[in-house]
2 protein chains.
Amino acid sequence: MHSMKPKEILLLGPGPSPVEPKVMEAIAWPVLGHLDPDFLAIMSETTELLRGVFETGNNVTLPLSGTGSSGMETAFVNFVEPGDKVLVGVNGVFGARMADMASRCRAEVVEVKAPWGKPLDPGDVEKALDANPGVKFVAFVQAETSTGVLTPVEPLVEMAHRRGALVIADTVSSLGGVPVAVDRRGLDIVFSGSQKCLSCPPGLAPFTANERALEVLRGRKTKVPSWYFDLSMITQYWGKERFYHHTAPVSMIYAIYMALRLVKEEGLEARFGRHRLNSDALAAGLRACGLRLLVEDAYRLPSLTAVCVPEGVSDLDVRGRLRREHGIEIGGGLGELKGRIWRVGLMGYGSRRENVERLLAALCGILNDLGFRCSADEALAAAARVYAGPAARGAAPSGGGRDGGCVK
Amino acid sequence: MHSMKPKEILLLGPGPSPVEPKVMEAIAWPVLGHLDPDFLAIMSETTELLRGVFETGNNVTLPLSGTGSSGMETAFVNFVEPGDKVLVGVNGVFGARMADMASRCRAEVVEVKAPWGKPLDPGDVEKALDANPGVKFVAFVQAETSTGVLTPVEPLVEMAHRRGALVIADTVSSLGGVPVAVDRRGLDIVFSGSQKCLSCPPGLAPFTANERALEVLRGRKTKVPSWYFDLSMITQYWGKERFYHHTAPVSMIYAIYMALRLVKEEGLEARFGRHRLNSDALAAGLRACGLRLLVEDAYRLPSLTAVCVPEGVSDLDVRGRLRREHGIEIGGGLGELKGRIWRVGLMGYGSRRENVERLLAALCGILNDLGFRCSADEALAAAARVYAGPAARGAAPSGGGRDGGCVK
């Protein structure tokens, strides 16, 4: 048999992110039965570790047997009933996906839009809540993977709760890299993905829901339309009952278990700091290259940086050459940003100084070659100033008015 | 960190089944982006290999990003619309699950029951079809994992098609171990699981649908209620468009790709023969022990044998000791068969003579210890006669009237 074993690519796109060697060891552990006591022990530790990274005491906290989007689906199909009013913040692909899912639950969907590359405007959300009394759920994306925007969630939670609405939060690209803080912020229903800042292969969706949410679930008038994602049945397997629902994806559970152990070992604060530092260094380097960033600093997601493709340069050429000549993957834009931005992920194990420097050097080389003048020396020096600390950082270009959009 | 790496258990339960070493190597291949050309090439080969094992030319043939039950959900949510009449054959847990899923699609469900341990009766199905004109789907489980019954599908397909109904077939415990033969038998919508006769870890659901089914999908009046399992969107990613839907579970795809290569290397006919031979040897050995089988020979599933727990013996004791003292997992009964049967899987890589012999020896030892007299010598000799070939096999106990139920 010819081998199809792929050569390693440095994953600096919007996810999947690079996986730590220990996680790749764990994924190949001997498969056990889904009711084997040794496997049940790993499940228990996994839920405990997940509570740690979500910063929650929620009993219902588990990895769902599907990729990140299955977490989104679980959030909607379990809690939203036909006719419910759901306000959805849409400032990128994943907000739009939420609106789509809510509509498939036959909800009455109220969309509050913000330009792609901007956070949701709490004023707009408040206005929409006032104009639509009886909203039962306020759904938003904390970390928009399609744009690299981090929306501050506190005001949204506050105005939802003040009206008795529950919050549904997408934390796919933030969990483990940016504070999610489920309990402190009062997020009611939260989902994520395994393949971003947790640095586990794709295939699982960490999920948590609090007691207020479970009350709504218990009070449903209609049956949950999905059997596979029926949370009441899934929690009977993940909870004390250990009642068989569907066969757990055993190898993936091993992987996320190990990934979560590594998160705990590093510590959340250290991990958040690392993501912020490397992201700031990358941003400084890109700006020193003369590139614009899509998102202004206040809302820039530490795990994902959106860079405007400069005029006269082909998105696909650059990404193709990065992969072929340098073994680096970065992402392109989605939807209305297709061809207009690159998405650079520094997620989990991928958020490291050597990766920042390797990318800046490679990108500068290619851009120069394509006629866009930039200096790798300057880019690397700007990044180095960030690593040197706040005193030195003051000298780095701040971006200022230059960022905040890729309009040509 | 203390290691939680589990020690290996011989998986002779109803799945997951033992995984070949080459598949465990593949699952740990470097993770690539879900749009990386090398990964897309592996996806393409995977679909081609899946067509081989399903024995179909169906364009829509792919592994879904969820465990076997997600294949069932995909079959129902995409094709069944509210108000559709769905006939479901129920002769075990998984038939009942189909009826549950159909009802969540707000279908009008017609259940045709058969006793657990028996196949569906085509006469009963025909009567129900006559009594319920306008049935649009006939759904059944070819291989009931909860009982070890193999239902002959040809008569069911014939009577469904004669009335213009489509067939939905659960082949979770048969694909790769027992002929499924999608095209030859005219199965319209078919799903399976990765962790049974394909000997891949759990987490993927092989799926295929033919052109007749896709026409129904295209003619839907309502939106598919699931976003995650929306087949039209999923096939845009798995098809030529390579349009992003959700991030593929990359490592699991590597694993099933390699598992399918190994199936092809062995050849389907050889694989079916191996499953049949080892199952016959196991059955002969169990009968020589004085044990009854739940299912009569004509309908006994080669990949899974249900054995009646003998009077005076504790189900849990035996299974606990098998695991603790011998490192072997077998399954218990589900639902109404809980405590009444053991389920012994000889699936994929697990279907081997050494496993049959190891289990017979261990089980006889434990049973004797618990006061149920049986001879390992006789059990192993009976199995050996099966392996010696048809001439010698004539002397083996046939089971005859002794099987076909575990009523005490």
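Here is the naming used below: chain letters follow the sequence lines, and residue numbers restart at 1 for every chain.
Using a 4.5 Å cut-off between heavy atoms, Thr222(A) does not touch chain B at all. Neither the backbone nor the side chain of Phe39(A) comes within contact range of chain B; no heavy atoms are under 4.5 Å apart. In this structure, the portion of Phe94(A) lying under 4.5 Å from any heavy atom of chain B is its side chain and not its backbone. Looking at Val19(A), the atoms closer than 4.5 Å to chain B (heavy atoms on both sides) all sit in the side chain, from C-beta outward. Using a 4.5 Å cut-off between heavy atoms, Met24(A) touches chain B through backbone and side chain atoms alike. Contact of Ala26(A) with chain B is not made at all, since no heavy-atom distance falls under 4.5 Å. Heavy atoms of Val224(A) lying under 4.5 Å from chain B belong to its backbone as well as its side chain. Residue contact with chain B, scored on non-hydrogen atoms closer than 4.5 Å, involves the backbone and the side chain of Glu8(A) alike. Only the side chain of Leu11(A) comes within contact range of chain B, with heavy atoms under 4.5 Å apart. For chain A, no part of Ser194(B) is nearby; none of its heavy atoms comes within less than 4.5 Å.
For chain A, the option among Met72(B), Met252(B), Arg97(B) with the highest count of heavy-atom pairs below 4.5 Å is Arg97(B). Comparing Gly13(A), Pro225(A), Ser65(A), Cys105(A) by how many heavy-atom pairs each has under 4.5 Å with chain B, the most go to Pro225(A). Per-residue counts of heavy-atom pairs under 4.5 Å with chain B were compared for Pro18(A), Ser103(A), Pro37(A); the largest is that of Pro37(A). Most heavy-atom pairs under 4.5 Å with chain B: of the set Gly331(A), Ser251(A), Ala255(A), Pro14(A), this distinction falls to Ser251(A). If you tally non-hydrogen atom pairs under 4.5 Å between each of His245(B), Lys5(B), Met101(B) and chain A, the highest count goes to Lys5(B). Comparing Val93(B), Val23(B), Asp230(B) by heavy-atom pairs within less than 4.5 Å of chain A, the highest count is held by Asp230(B). Ranked by non-hydrogen atom pairs under 4.5 Å with chain B, the options Ile42(A), Asp38(A), Leu32(A) are led by Leu32(A).
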Please lay out, stage by stage, how Asp36(A) and Arg323(B) fare under the test side chain to side chain contact (heavy atoms under 4.5 Å, CB included).
CA-CA 9 Å; Asp36(A) 187 282; Arg323(B) 188 189 171 284; 2.5 Å; yes
Go through Gln195(B) and Val31(A) one step at a time and tell me if the side chain to side chain contact (heavy atoms under 4.5 Å, CB included) criterion holds.
CA-CA 10 Å; Gln195(B) 79 281 14; Val31(A) 171; over 6 Å; no
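Surrounding OH of Tyr244(B) are more than 12 heavy atoms belonging to other residues, nucleotides or ligands, all under 6.0 Å away.
Taking the six-membered ring for Trp, Tyr228(A) and Tyr228(B) have ring centres at least 6.0 Å apart.
Atoms CD and NE2, from Glu73(B) and His246(A) in turn, are 10.5 Å apart once rounded to the nearest 0.5 Å. Rounding to the nearest 0.5 Å places CE of Met4(A) at 8.0 Å from OG1 of Thr46(B). Atom OG of Ser70(B) is separated from atom CZ of Phe229(A) by 7.0 Å, given to the nearest 0.5 angstrom. Taking CD1 from Ile27(A) and CD1 from Ile27(B), the interatomic distance works out to 4.5 Å, rounded to the nearest 0.5 Å.
Among all heavy-atom pairs drawn from Pro16(A) and His34(B), the shortest one is CD-ND1, 3.5 Å. Shown here for Pro30(B) and Pro6(A), the closest heavy-atom pair between the two residues is CG-O, 3.5 Å. Counting all heavy atoms, side chain and backbone alike, Gly203(A) lies closest to Pro249(B) at CA-CB, 4.0 Å. Of all non-hydrogen atoms in Gly33(A) and Glu329(B), the two that sit nearest each other are CA-OE1, 3.4 Å. The shortest heavy-atom contact between Arg104(A) and Ser226(B) is NH1-O, 3.1 Å.
Looking at heavy atoms from C-beta onward, Pro202(A) lies in side-chain contact with Val250(B) at the 4.5 angstrom threshold.
Residues Lys223(A) and Asp100(B) are paired through a salt bridge, judged by an N-O separation under 4.0 Å between the basic side chain and the carboxylate.
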